[in-house]
Amino acid sequence: MTNQFQLPRHSRMCSSEFLFGVATSSYQIEGAVKEGGRCDSIWDTFCRVPGKVDNGDNGDIACDHYHLWEQDIEMVHSLGVDAYRMSIAWPRILPEEDAVNVKGLSFYEQIIDKCHALGMKVYVTLYHWDLPQYLEDRGGWLNRETAYKFAHYADVVSRYFGDKIDVYTTLNEPFVSAFLGYRWGVHAPGICGESEGFLASHHLMLAHGLAMPILRKNAPGAKHGVVFNATPFYAERERDIGAAEYKEAENFHWFIDPVLKGNYPKVVLDREFEHRPMILEGDLDIISAPVDYIGINYYSRGVVRYDENGDIESVPQTDAEHTYIGWEIYPQGLTDLLLRLKTRYSNLPPIYITENGAAGNDQCVDGAVDDEQRQHYFQTHLLAVDQAIEQGVNVQGYFAWSLMDNFEWAFGYAQRFGMVHVDYHTQKRTLKQSAIAYRNMLLARSEENKNG
Ligand code: IFM
């Protein structure tokens with residue numbers, strides 16, 4: 001494996017117009033959960049429940065980014081990226097209902113300023129799953145009021161930062177917040193229930209829609225959108241096509257349709273008839289406010305079939321290569337997904353690949369981390385994005401997940417997604433081979449662009 005990713009010479013991704021970045025999120029890297037006036041989030045509470053997170057891990061210290069942010073941002077810059085994607089922790093900004101915590105705002109302001117001083121753009125997600133616990137105590141995303149609380153939080157942040165944030169994202173992966181958190185109970189707050197999952201999803205989408213005009217008013221020069229995880233599904237046999245279509249509808253049409261089409265997919269509404277959320281008149285108009293872009297997070301695909309009872313089951317791809325977390329490596333899925341989005345949405349806005357990456361069990365040996373599988377993963381997925389662009393999909397940027405190893409939710413620290421290795425005992429950061437390859441690719445690109 002060379003330590004530089006190769007892109008086709010005339011790829012649009014080689015031009016300086018295409019943006020490359022790395023991504024993180026607040027709870028996964030910050031630590032310092034009791035500092036700076038922060039209140040508990042649902043993840044602090046969830047981590048305390050025995051058996052919920054592997055190894056009993058939690059985000060108390062994580063990568064200690066709260067204290068090491070300056071060297072971390074310098075490290076981001078050393079990779080030669082155009083942009084840094086991060087999230088703001090709601091519990092640092094509004095640790096109590098109506099009390100804005102200036103310390104929280106200042107913490108993020110110094111990071112944003114530093115990024116700008118180093119010439120990088122800043123992509124900020126407002127909600128990457130760390131809901132203040134006091135809101136969960138009142139029902140969390142099952143309570144419609146939470147959507148209005150989110151709009152208030154978005155107002156506070158965007159009034160303060162305005163256009164200083166280059167690109168705002170309302171929500172990261174509402175599918176995961178709603179379904180893993182409120183339907184299947186494997187993420188915070190750990191609630192299990194079909195109706196609960198669908199109700200939470202509607203309130204999340206409403207939160208997004210309510211925030212959009214506020215963000216536009218307070219940050220008219222910034223871009224505004226929302227980020228979805230999306231898994232393309234494939235049928236095992238011809239007679240399973242309906243199963244694959246349904247899985248896609250539930251996985252991402254359910255979340256993207258209300259934004260881009262102003263309705264929920266009928267196939268899901270019909271199948272989940274008893275669990276339909278309460279949708280008030282006007283909600284879909286709010287949710288379908290125009291967005292400047294959508295973010296797509298892609299990791300893997302799914303293969304499904306109908307079992308003998310007509311239920312949908314997944315078909316493990318035992319012969320395929322998987323990452324350490326058990327997800328199949330399937331770069332073609334990213335091209336297919338982007339093309340499917342283009343076909344489904346005639347009004348598809350520009351797309352950023354806001355996350356893409358591979359988990360490993362990487363070891364630092366003599367100061368080096370050989371993460372060959374991840375290098376190969378990035379190389380093949382970058383080519384998959386290029387393929388989609390070639391076929392007419394308007395992809396404008398790519399963010400690797402993740403800058404550094406971090407708290408991987410219910411998997412704790414055992415799953416390492418970073419391009420940079422973190423030693424959790426010493427907090428030493430070491431660039432893995434994939435980071436070096438990414439940096440070399442970006443260096444070569446900027447040299448070529450300079451030389452015309
Ligand atoms: O670590 C997560 C991230 O927070 C959201 N998208 C998927 C990643 C890998 O599971």
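Positions are given from 1, in the same order as the sequence printed here. Both ligands and their constituent atoms are indexed starting at 1 by order of listing.
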Distance under 4.0 Å to a non-hydrogen atom of E408: what atoms of ligand 1 satisfy this?
1 (O), 2 (C), 9 (C), 10 (O)

Does M86 offer a backbone N or O that forms a donor-acceptor pair with the side chain of T24 under 3.5 Å?
no

If you take all heavy atoms of C63 and Q28, which pair is closest and at what distance?
SG-O, 4.2 Å

Show the atoms of ligand 1 that are less than 4.0 angstrom away from any heavy atom in H128.
3 (C), 4 (O), 5 (C)

With no hydrogens and no angle check, do the side chains of Y398 and N356 hold a donor and an acceptor under 3.5 Å apart?
yes

Please determine whether any non-hydrogen atom of W327 lies less than 4.0 Å from an atom of ligand 1.
yes

Minimum heavy-atom separation for W129 to S177, with atom names?
CD1-OG, 3.3 Å

Is there any N or O on W129 that sits under 3.5 Å from an N or O of ligand 1?
no

Does S25 reach ligand 1 with a nitrogen or oxygen that is under 3.5 Å from one of the ligand's nitrogen or oxygen atoms?
no

Where ligand 1 meets E173 - atom numbers and elements under 4.0 angstrom, heavy-atom basis
5 (C), 6 (N), 7 (C)

Looking only at protein heavy atoms, which one is nearest to atom 6 (N) of ligand 1, and how far off is it?
E355 OE1, 2.5 Å

Measuring from atom OG1 of T169 to atom NZ of K223, what distance do you get when rounded to the nearest 0.5 angstrom?
12.0 Å

D311 and R305 ion-paired at < 4.0 Å
no

Salt bridge D405-R416, side-chain N to carboxylate O under 4.0 Å
yes

Could you pull out the closest heavy-atom pair between T335 and A384, with the gap in Å?
OG1-O, 2.9 Å

N or O contact, N172 vs ligand 1, cut-off under 3.5 Å
no

Please write down residue, atom name and distance for the protein heavy atom closest to atom 8 (C) of ligand 1.
Y299 OH, 3.4 Å

Taking distance alone, with no angle check, do N406 and ligand 1 share an N/O pair under 3.5 Å?
no

Any atoms of ligand 1 less than 4.0 Å from a non-hydrogen atom of F417? List them with their elements.
9 (C)

Heavy atom of Q415 under 4.0 Å from ligand 1?
no

